[in-house]
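Remarks on the structure that follows.
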Amino acid sequence: MRMVDIITKKRDGGTLTEEEIRFFVANYVSGNIPDYQASAWAMAVYFQGMNDSETAALTRAMIDSGECVDLSSINGIKVDKHSTGGVGDTTTLVLAPLVASLGVPVAKMSGRGLGFTGGTLDKLESIPGFHVELPIGTFMNLVKRSGIAVIGQTGDLVPADKKLYALRDVSGSVESIPLIASSIMSKKIAAGADAIVLEVTTGTGAFMKDEASAVRLAETMVRIGTQVGRRTMAVITDMSQPLGFAIGNALEIKEAIDTLRDAGPSDLKELVLTLGSLMVCAAGKADDPASARHLLLESIESGRAFSKFRSFIADQGGDVSFVDHPEKLPQAAHQIDFLAPKSGFITGLAADQIGLAAMLLGAGRAMKTSTIDYAAGIVLHKKIGDTVKQGEPILTLHTNQNNGEAVREKLHAAVKIGEQAAAHRLIHRIIEE
Ligand code: URA
Ligand code: CA
């Protein structure tokens, strides 16, 4: 078999066999196929697409390039959650302890962020002492004992994706539905869960800018999961404005604590209840989403969800005095308000521009090697649909740098105020096989 024949077959619109796909993945990972052939192949897929069996074959071949986590020694149905990403995405920090408080085992591998803010791991590390690099045995024991652990992805999980994603990133083939779907699903399947709940975001702050592409990506991932025997569901959500109020690392830890104490933003709560209901049902802890939702609300109101968060932080070495007193978390030296230039309704809060502003203030990484300022970020005081009076603060910038005022000036294009409330919906739809 020759790689050049596989490239030209795809370039000309052919369908690749499982054998051809396996040949490419195995030889690319072992270094026999050079980057220039792999990038030509990825570009051919970008233009020609792949059908469901090719996409499933690619996913299986990528999974087989590394090791899989075996969660079978943990009792119960393990349900994982994944989001295609957004701005101020505090979801996992609330959802993981919340579903764990209902006895759903949470054995989660999370990521670091490159972009707007840190990822879930970075946010958790803003609590002094918290460890994310645990040996797999310790991770498994924590899940068995306490029902929850969150760690970084181990190096030997799907090496093919690591190599291919880095190549796509610098050669213009990230935005391909079969490549994104196989990249995400290979990692989720290798991480060992029995069932997978996906959040596919759409809007300015998301990978998929329009709803139709988000739905196609979600349907593709649901079919891959089903083909390999993992129950998979997807929720299409809006990411045209940031999620919740806080965008940052320590700022989002505080927001997660507020939400677990039932004093957080309503959109974050609604999202967590929607995703949580699907997870609780998939884990067999409730018969239908309505009763699952009832159980989740009860856990928040009774304080059980919050105490699960607290014990989870303590179990991984975090100093719980920061959970009990979030005002002890790192605070930025400068807080700069963005005031409403006129009165009216908030009709737009461009998530991508606000996310970029948070990064410029120090909350995210511009490069893999950049360090994160846990205190930096943005707190919104208004969301789309709210009324605002001229001179009222719409958001506050938190930074330790001296660029706060320059960053604030860039936000004029991101904030839209109109005379009528714009229609706006967080949960677009739920997709199941
Ligand atoms: N996220 C991933 O993990 N993979 C992609 O290809 C795109 C987004
Ligand atoms: Ca948030």
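Excluded from the calculations below are hydrogen atoms, water molecules and symmetry mates; all remaining heavy atoms, backbone and side chain alike, are included. Along the sequence shown, residues carry numbers from 1. For ligands, and for the atoms within them, numbers begin at 1 and follow the listed sequence.
Heavy-atom proximity to atom 2 (C) of ligand 1, evaluated over S186, S183, S182, is greatest for S183.
Relative to the six-membered ring of F338, R408 misses at least one condition, a distance below 6.0 Å or an angle of at most 45° to the axis.
Within the coordination shell of the Ca ion (ligand 2), defined by N, O or S atoms under 3.0 Å, E255 is present. Residue G88 counts as close to the Ca ion (ligand 2), with an N, O or S atom under 3.0 Å. Not one N/O/S atom of L268, from backbone or side chain, sits under 3.0 Å from the Ca ion (ligand 2). Residue A246: an N/O/S atom is found under 3.0 Å from the Ca ion (ligand 2).
The Ca ion (ligand 2) is the vertex of the angle joining O of L243 and OG1 of T90, which measures 140° to the nearest 10°.
Residue D161 places no N or O, backbone or side chain, under 3.5 Å from any N or O of ligand 1.
Atom CD of E392 has more than 12 heavy atoms from other residues, nucleotides or ligands within 6.0 Å. A 6.0 Å sphere centred on NZ of K328 holds more than 12 heavy atoms belonging to other residues, nucleotides or ligands.
At least one side-chain heavy atom of V174 sits under 4.5 Å from a side-chain heavy atom of Y165.
Side chain to side chain, D210 and S213 meet the donor-acceptor criterion of an N or O pair below 3.5 Å. At a cut-off of 3.5 Å, with distance as the only test, a side-chain donor of T396 or D337 sits close to an acceptor on the other residue. Using modelled atom types, one finds no donor on one side chain facing an acceptor on the other under 3.5 Å when comparing K108 with T92.
The ligand atoms of ligand 1 that sit less than 4.0 angstrom from a heavy atom of F207 are 7 (C), 8 (C).
Under a 4.0 angstrom heavy-atom cut-off, V174 registers as lying outside contact with ligand 1.
Scanning the protein for heavy atoms near atom 7 (C) of ligand 1, the closest one is Y165 OH, 3.4 Å. Of all protein heavy atoms, the one closest to atom 3 (O) of ligand 1 is K187 NZ, 2.5 Å.
Of the listed residues (K188, M62, E67), just one forms a side-chain contact (heavy atoms from CB on, under 4.5 Å) with V158, and that residue is M62.
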